[in-house]
Peer 1: 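Okay, handing you the structure first.
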Amino acid sequence: MCQECGCGLPGENPVGISAHHHDHDHGHDHGHSHDHDHPHSHTHSHEEAGHDHSHGDAVGQHRILEVRQAILEKNDRLAERNRGFFHARGLLVLNVLSSPGSGKTTFIRETVHALGKRLKTGVIVGDLATDNDAQRLRESGAPVVQIITGTVCHLEAEMVARALKELDLNGLELLIIENVGNLVCPASYDLGEDLRVVLLSVTEGEDKPLKYPPLFQSAGVAVVSKMDLATACDYNREAALANLRCLAPNAPVFELSAKTGKGMDAWCEFLIQQHKAIKTRDPLSA
């Protein structure tokens, strides 16, 4: 998808990672190889795609499709490395996705607060620019690492692997990854997470899932956020839930307000049960 939106072009700004000044050395082996090229690099040769492009007017179109396939295959391999590392440490990992302004950062911050000492939580945050969200999340007391993606409109498995070097993993039980606010490109990139959590705020309209089906179809969990604004927004709950269930019929749906706390207890209990399942290697069915 990202070839259409223009992210990841040659000459893009390098991805930056900023932590909250951790001075320690983790001393652990992530099992990742960090000397490889970024999976979003668009400098693949025709030979990498495995085809001879000497077949007429369709050359350009075929090359775009094949390069994208190579990029995603590399990302998937790195995502599996991440997943193995997470499982070896008994970490439950969430990839939180939504449009900009849906309330992801507040939702994550209040999740950390509500969980308290029941699940020690760390956060990785992705944004094109600024570390504003990371600063807000550090108010929760959780260790936080910010990834600055530059022109790239999604996180990738390698970015997460590199960020892990900067994150204090000591005793962590839950890792929340806040993806870049975007309803298109992040749907294509596995980060190695256990659960993909997709937010729909009541302020966005009930038909948002129908407009962006790939992202909502990929949801392991759906969260309807900002329920405290439902009446003011004339939110059609029945239509919104029907659309979510149409696209992600097996995904649990949580309706909540991070601002008021309504619905947060059920959400946190769900996470605690999911972490127990990870620890016992007996994944819970949705």
Peer 1: Enumerate the residue pairs fulfilling salt bridge (charged side-chain N to carboxylate O under 4.0 Å, His left out) with a member in residues 252-263, sequence neighbours excluded, ordered by first and then second residue.
Peer 2: Arg237-Glu255
Peer 1: With sequence neighbours left out, write down each residue that passes salt bridge (Lys or Arg N to Asp or Glu O under 4.0 Å) with Asp127, or none if nothing qualifies.
Peer 2: none
Peer 1: With sequence neighbours excluded, what pairs up with Lys211 under the salt bridge (Lys or Arg N to Asp or Glu O under 4.0 Å) test?
Peer 2: Asp207
Peer 1: Tell me, which pairs form a ring-ring contact (aromatic ring centres under 6.0 Å, His included) where one or both residues lie in residues 212-236, sequence neighbours left out?
Peer 2: none
Peer 1: Which pairs with one or both residues in residues 177-187 pass salt bridge (charged side-chain N to carboxylate O under 4.0 Å, His left out), sequence neighbours excluded?
Peer 2: none
Peer 1: Report the residues that fulfil side-chain hydrogen bond (donor to acceptor under 3.5 Å, both in side chains) with Arg245, sequence neighbours left out, ordered by chain and then residue number.
Peer 2: none
Peer 1: Under a 4.0 Å threshold between the charged nitrogen and the carboxylate oxygen, would Glu80 count as salt-bridged to Arg83?
Peer 2: yes
Peer 1: Partners of Arg77 by side-chain hydrogen bond (donor to acceptor under 3.5 Å, both in side chains), sequence neighbours excluded?
Peer 2: none
Peer 1: So, using salt bridge (Lys or Arg N to Asp or Glu O under 4.0 Å) as the criterion, who are the partners of Glu110 when residues are at least two apart?
Peer 2: none
Peer 1: My understanding is that only residues two or more places apart in sequence, or in another chain, count here; which of them pass side-chain hydrogen bond (donor to acceptor under 3.5 Å, both in side chains) with Glu206?
Peer 2: none
Peer 1: Residues two or more places apart in sequence or in another chain: which of them pass side-chain hydrogen bond (donor to acceptor under 3.5 Å, both in side chains) with Asp194?
Peer 2: His87
Peer 1: Would you list the pairs meeting salt bridge (charged side-chain N to carboxylate O under 4.0 Å, His left out) in which at least one residue belongs to residues 92-104, sequence neighbours left out?
Peer 2: none
Peer 1: With sequence neighbours excluded, tell me which residues meet ring pair (Phe, Tyr, Trp, His ring centres under 6.0 Å) with Phe254.
Peer 2: Trp267, Phe270
